[in-house]
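Reminder, nothing fancy here: chain letters follow the sequence lines and each chain counts from 1. Small disclaimer: the values here were computed from a predicted structure and weren't measured.
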Amino acid sequence: MRATRSSWVALLAGLCLAGGTWLVLPEPPRPALAHKEPHTSEQLKLFQDLFMEQVGIGDLLFHGDAETERRLGVTLSKTGWACAMCHPYASDTHPAQFPKWQEQMSKFATLRDMINWCIEKPNEGEAIDPDGPAMKALEAYITWSNRNSPLQPGVH
Amino acid sequence: MSLDHHHDEHGDKLLGSDDFQQARREMRRVLWRPGLRADTQVSITRRIFIHRALLGGTAAAAATAGWLPRINTMDMAFAQEAGPPSTFRFAWISDTHLYPKEVNTRFVEKAVRAVNDVKAMDPPPDFLIFGGDLAQLGDPVELKLGAEIINELDVRKVFIPGEHDWYLDMGKTWNELFGTSPWTFDHKGVRFIGLDTVSRAMDFWTARNMTPTERMAAMATLDGALGGAWAGLGREQLDFLDRTLSDWGTDRPVVIFSHNPLYEYYPPWNFWVRDWREVHEIVKPYTKITNIHGHTHQVLYNEIGAMRSIGMLATSWPWPYAPEGVPKLTRPMLRVDPGDPFDGVGWGQITFNADNQHVEHEYMMWRKDILATSQVDSGTGDNPTTFLSPRPDGR
Ligand SMILES: [Fe+2]
Ligand SMILES: [Fe+2]
């Protein structure tokens, strides 16, 4: 764990230069070029690495890593609990079912709504920007962990 | 008792062997065979017999492998009571996961509520068994807070440790406060045995130069990979179990307390002990044997051979069922409302019925309904379509 943590810290330290973005890796192709030229295998690997980087950050947030929370300016919990305590391997988060009717909120809800709901209810933390980096990272981790489950939109 | 950590070569070999893997598959085929269902009528008192041949074989071979743990066994100071069995009740509380009060009092409130419920039992229980994970991070402050709360109870108390109690100081504070394990005592015709299934993790911390706090944090992460297959009895404790049963008639009732389940449910979260096959080898001749365990924070029921296995609720928080391996004899608990801290949690009230010599268990959950009657309300309802993955980078 320590080795993993500190390599993340090193990685994250490197990221800060990029002024709020998380890219450490070579520049991805500019938007103007997207899909205009065939992708190289390096590019594809890069896309995957960029995705897994977010999964890694999401995993840290999900497991209550205080340093990552601080860096991203979020407070996911004030009870000392982490998401992973109740959702080991992101179990029971059901990303394949959203959006769906959510009884707790009495509304048609997205995965992001429910992430914020768990931040506010059991964790007594502060809801996060639904489009911010912490939310995207959490979503990346939750969907990646459940990637082998079939889509089941709307299932309760 | 030596507080050195126990390196478990025996466990290494056991897990690595092809034999073991094969036995695992065989066990699965039998235990989770198609068509086997929890009986919704009588659920927990039903008994099935699984053919025993699969329990032989590798266990004996593995038993001769190297083994280094050192344990002192302790007989409880209770009077050893002989005579015919009589009906009595006892209470189970476990998995309180207390934080220091400044961090969070939610879990403290629930532990206190369970203790008050036990206090209110009329007639009082003959004893309380605390089944481990008293503390969240093994902090002496947490363990002492737990001792204070439990000591409010004016009944006989016995304790077995959980991994959350152990890995900060390797059991030092736990043993000082609550005594060492394993232990045994006889009560009204039943032989009770308390095991330590948590102290034998393989050393992942020395090579990584981890501090005790880091080691504890790793062990406190249910889905962390570093702790590996830490749950086990170890050779000496298997011998203790064998010895303890050897002068007890095979038709006489036995209750074994353990923090982890004594069968293979879901190894990635240590919902098992790695040497469960050897446990079953030892208990095989006994016809009235019940295992009561914590750690899984959910309603569970299983039978292997003649051994019945009952999984108890936590007072702190419930865990979702693992995506696979839930015993088919389990009638699952209802899905939990995450907005209600008192949902999905509770304690247990156990009756030993002298008439049929049966252990009857009542889940004391703080909600009206406990067991699901339909798939959609069941915590296991989504298992067939849920496929989880271990965390990235082997974390
Ligand atoms: Fe626990
Ligand atoms: Fe545990």
Side-chain angles (χ1 to χ4, degrees), chain A residues 1-8 51-60 62-65 77-97 103-105 114 117-124 140-152 155-156, chain B residues 97 99-100 102-107 136-137 204-205 207-211 214-215 217-227 266 268-269 271 297 316-323 335-341 344 376-377 379 381-395:
Chain A
M1 173 160 284
R2 181 181 229 205
T4 319
R5 279 268 155 90
S6 50
S7 54
W8 273 109
F51 175 71
M52 286 311 293
E53 184 183 21
Q54 293 302 318
V55 171
I57 295 165
D59 174 89
L60 288 177
F62 203 81
H63 286 79
D65 187 65
S77 174
K78 286 181 185 161
T79 51
W81 308 348
C83 316
M85 279 171 63
C86 298
H87 299 286
Y89 286 173
S91 51
D92 239 6
T93 54
H94 307 138
Q97 299 176 357
E103 264 176 308
Q104 283 96 343
M105 291 180 268
M114 205 50 208
W117 197 87
C118 260
I119 290 173
E120 288 189 305
K121 297 289 173 179
N123 280 4
E124 299 173 19
Y141 172 68
I142 289 173
T143 51
W144 178 83
S145 298
N146 283 272
R147 67 190 178 282
N148 295 317
S149 308
L151 279 177
Q152 288 207 302
V155 168
H156 179 70
Chain B
H97 291 267
Y99 287 87
E102 313 80 68
V103 180
N104 163 1
T105 54
R106 277 275 175 92
F107 292 170
Q136 173 63 6
L137 292 171
F204 58 86
W205 50 89
R208 290 181 172 83
N209 251 319
M210 292 172 86
T211 63
E214 288 169 329
R215 173 179 61 209
M219 289 296 292
T221 307
L222 186 77
D223 61 359
L226 276 188
Y266 194 63
W269 299 346
F271 284 5
H297 299 204
S316 52
W317 78 87
W319 263 322
Y321 285 103
R335 286 164 67 170
V336 173
D337 173 4
D340 176 1
V376 66
D377 289 327
D382 51 39
N383 280 11
T385 53
T386 301
F387 298 90
L388 301 176
S389 299
R391 295 166 56 194
D393 305 328
R395 288 181 205 176

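Atom NE2 of A:H87 sits about 11.5 Å away from atom CG of B:D223, to the nearest 0.5 Å. One distance of note links CZ of B:R391 with CH2 of A:W144; it measures 9.5 Å at 0.5 Å rounding. The distance from the CG atom of B:D382 to the CZ atom of B:R335 is 6.5 Å, given to the nearest 0.5 Å.
Side-chain contact between B:R395 and A:H63: absent, with no pair of heavy atoms (C-beta onward) separated by less than 4.5 Å. A heavy-atom distance below 4.5 Å is not found between the side chains of B:M219 and B:W205. In this structure, the side chains of A:Q97 and A:M114 stay at 4.5 Å or more apart for every pair of heavy atoms.
Within the 4.5 angstrom heavy-atom criterion, only side-chain atoms of B:F107, from C-beta onward, approach chain A. Heavy atoms of B:R215 lying under 4.5 Å from chain A are absent altogether. For B:L388, the parts lying under 4.5 angstrom from a heavy atom of chain A are both the backbone and the side chain. Contacts between B:D337 and chain A at a heavy-atom distance below 4.5 Å involve the side chain alone, from C-beta outward. Neither the backbone nor the side chain of B:P323 comes within less than 4.5 Å of any heavy atom in chain A. Residue B:P392 touches chain A through both its backbone and its side chain, counting heavy-atom pairs closer than 4.5 Å. If you measure heavy-atom distances from A:N146 to chain B, the contacts under 4.5 Å come from both the backbone and the side chain. Proximity to chain B (any heavy atom under 4.5 Å) is shown, for A:E120, by neither the backbone nor the side chain.
Among A:M85, A:H94, A:R147, the residue making the largest number of heavy-atom pairs under 4.5 Å with chain B is A:M85. The candidate from B:P390, B:G379, B:G339 with the greatest count of non-hydrogen atom pairs under 4.5 Å with chain A is B:P390. In terms of heavy-atom pairs under 4.5 angstrom with chain B, the leader among A:W117, A:F62, A:W81 is A:W81. Listed options A:K121, A:Q152, A:E103 were ranked by heavy-atom pairs under 4.5 angstrom with chain B; first place goes to A:Q152. Residue with the most contacts toward chain B among A:C86, A:G80, A:A84: A:C86 (heavy-atom pairs, distance under 4.5 Å).
In summary, B:R208 and B:E214 do not engage in a salt bridge, as defined by a charged side-chain N under 4.0 Å from a carboxylate O.
Under the 3.5 Å distance criterion, the side-chain polar atoms of A:N123 are left unmatched by any main-chain donor or acceptor of A:A82. Within the 3.5 Å criterion, the main-chain N or O of B:F387 finds a donor-acceptor partner in the side chain of A:S149.
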